[in-house]
Amino acid sequence: MMTGYSAVILVELLLLVITAEDAVTNRLITKEDRNRVILLSLLIGVAAVAEYIGVILNGASPSSIGLLNRRCYETNTRNIGSRAAILFFDVNKFKQVNDSYGHNVGDICLKNIAACLRASYGKFGTCYRIGGDEFCVILEDGLDKLDELNASFRNSIEKIRAEDHRMPNVALGYAFYDSAASHIQKVIEEADRKMYQNKRAMAEESAS
């Protein structure tokens with residue numbers, strides 16, 4: 001006979017599996033990670049699975065900001081389709097935000113940026129946190145709408161900045177990938193270079 005404790009564990013494991021399936025549907029985790037969650041739920045129980053879900057969503061910490069991590073980004077760039085846009089984002093003066101206002105405010109800023117990324121690009125691609133204050137979007141649909149999506153993202157960030165002076169600006173750079181004409185690594189390097197060009201231009205503008 002199943003004890004009350006066993007029944008609770010079983011229900012919680014089932015809920016974790018359902019949560020993982022929903023995360024796949026919403027493109028927050030990959031199917032490969034979903035399968036690992038199910039396997040772990042059978043092997044090591046609720047606590048470890050809950051922590052693992054947090055890790056794969058955030059890349060380091062169970063306190064997720066709801067984006068895929070760098071490992072997922074690296075996996076997905078190896079399996080990219082025939083056409084895509086690669087976008088890189090870097091938070092300007094993020095260390096200064098943490099030093100001046102504390103890490104709690106820094107975390108709020110990162111969550112706001114993640115929300116803006118999902119709102120602007122999530123319908124057409126996948127959003128990643130690839131470093132402490134670095135983000136990426138791989139866009140495989142809606143390429144003809146990229147200027148509109150970029151404007152939406154920038155407007156969302158500026159709206160937050162207008163309401164909260166602690167919110168930093170975000171540099172953006174992108175490049176287009178076509179499997180018939182370019183290598184994905186070259187496109188990644190071009191997008192990264194353009195992002196840093198934008199970052200320098202923002203720094204020069206704020207100093208003038």
Considering only residues two or more places apart or on different chains, which pairs with a residue in residues 174-208 satisfy ring-ring contact (aromatic ring centres under 6.0 Å, His included)? Tyr174-Phe176

Check whether the side chains of Tyr73 and Thr75 place a donor and an acceptor atom closer than 3.5 Å, and report yes or no. no

What is the distance from atom CD of Glu163 to atom CG of Asn112, rounded to the nearest 0.5 Å? 10.0 Å

Heavy atoms, side chains only, cut-off 4.5 Å: are Thr126 and Leu68 in contact? yes

Gln185, CD: over 12 other non-hydrogen atoms inside 6.0 angstrom: yes

Interatomic spacing from CD in Gln197 to CG in Leu172 - rounded to 0.5 Å: 12.0 Å

I need the full list of ring-ring contact (aromatic ring centres under 6.0 Å, His included) pairs touching residues 96-119, with sequence neighbours left out, sorted by first then second residue. Tyr101-His165

Enumerate, atom names and distances included, each donor-acceptor pair closer than 3.5 Å involving a side-chain atom of residues 148-158, sequence neighbours excluded.
{"residue": "Asn150", "atom": "OD1", "partner": "Tyr121", "partner atom": "OH", "Å": "2.7"}
{"residue": "Ser152", "atom": "OG", "partner": "Ser120", "partner atom": "OG", "Å": "3.1"}
{"residue": "Arg154", "atom": "NH2", "partner": "Asn198", "partner atom": "OD1", "Å": "3.3"}
{"residue": "Asn155", "atom": "ND2", "partner": "Ala151", "partner atom": "O", "Å": "3.1"}
{"residue": "Ser156", "atom": "OG", "partner": "Ser152", "partner atom": "O", "Å": "2.9"}
{"residue": "Glu158", "atom": "OE2", "partner": "Arg161", "partner atom": "NE", "Å": "3.4"}
{"residue": "Glu158", "atom": "OE2", "partner": "Asn169", "partner atom": "ND2", "Å": "3.4"}

Can we say Lys186 and Glu190 salt-bridge, meaning some charged N sits less than 4.0 Å from an Asp/Glu carboxylate O? no

Side-chain touch Phe124/Lys145, heavy atoms, less than 4.5 angstrom: yes

Before accepting this row, confirm whether a basic side-chain N of the pair Lys111/Asp107 lies closer than 4.0 Å to the acidic partner's carboxylate O. no

Any side-chain heavy atom of Ile160 sitting closer than 4.5 Å to one from Cys116? yes

Any donor and acceptor pair, going by atom type alone, linking the side chain of Ser100 with main-chain N or O of Val97 inside 3.5 Å? no

Could you measure the distance from the CD1 atom of Ile138 to the SG atom of Cys72? Nearest 0.5 Å is fine. 10.0 Å

Value for CG (Leu139) from CG (Leu146), rounded to nearest 0.5 Å, stands at 6.0 Å

side-chain contact (heavy atoms from CB on, under 4.5 Å) assessment of Phe135 paired with Val91: CA-CA 9 Å; Phe135 300 86; Val91 184; 3.9 Å; yes

Tell me, with the steps shown, if Cys136 and Ile86 meet side-chain contact (heavy atoms from CB on, under 4.5 Å). CA-CA 7 Å; Cys136 176; Ile86 307 294; 4.2 Å; yes

Would you check, one step at a time, whether the test salt bridge (Lys or Arg N to Asp or Glu O under 4.0 Å) holds for Glu74 with Arg70? CA-CA 6 Å; Glu74 291 172 349; Arg70 186 176 186 89; 3.2 Å; yes

Answer yes or no: is there a donor N or O on one side and an acceptor on the other, between the side chain of Glu134 and the main chain of Phe88, under 3.5 Å? no

Counting C-beta onward and ignoring hydrogens, is there a side-chain heavy-atom pair between Pro168 and Lys93 closer than 4.5 Å? no

side-chain contact (heavy atoms from CB on, under 4.5 Å) partner of Phe94, the single match among Ile113, Leu110, Val170: Leu110

Beyond-backbone contact of Asn69 with Tyr128, side-chain heavy atoms, under 4.5 angstrom: no

Here the gap from Cys109 atom SG to Asn104 atom CG, rounded to the nearest 0.5 Å, amounts to 11.0 Å

Electrostatic pair Arg200-Glu204, nearest N-O below 4.0 angstrom: no

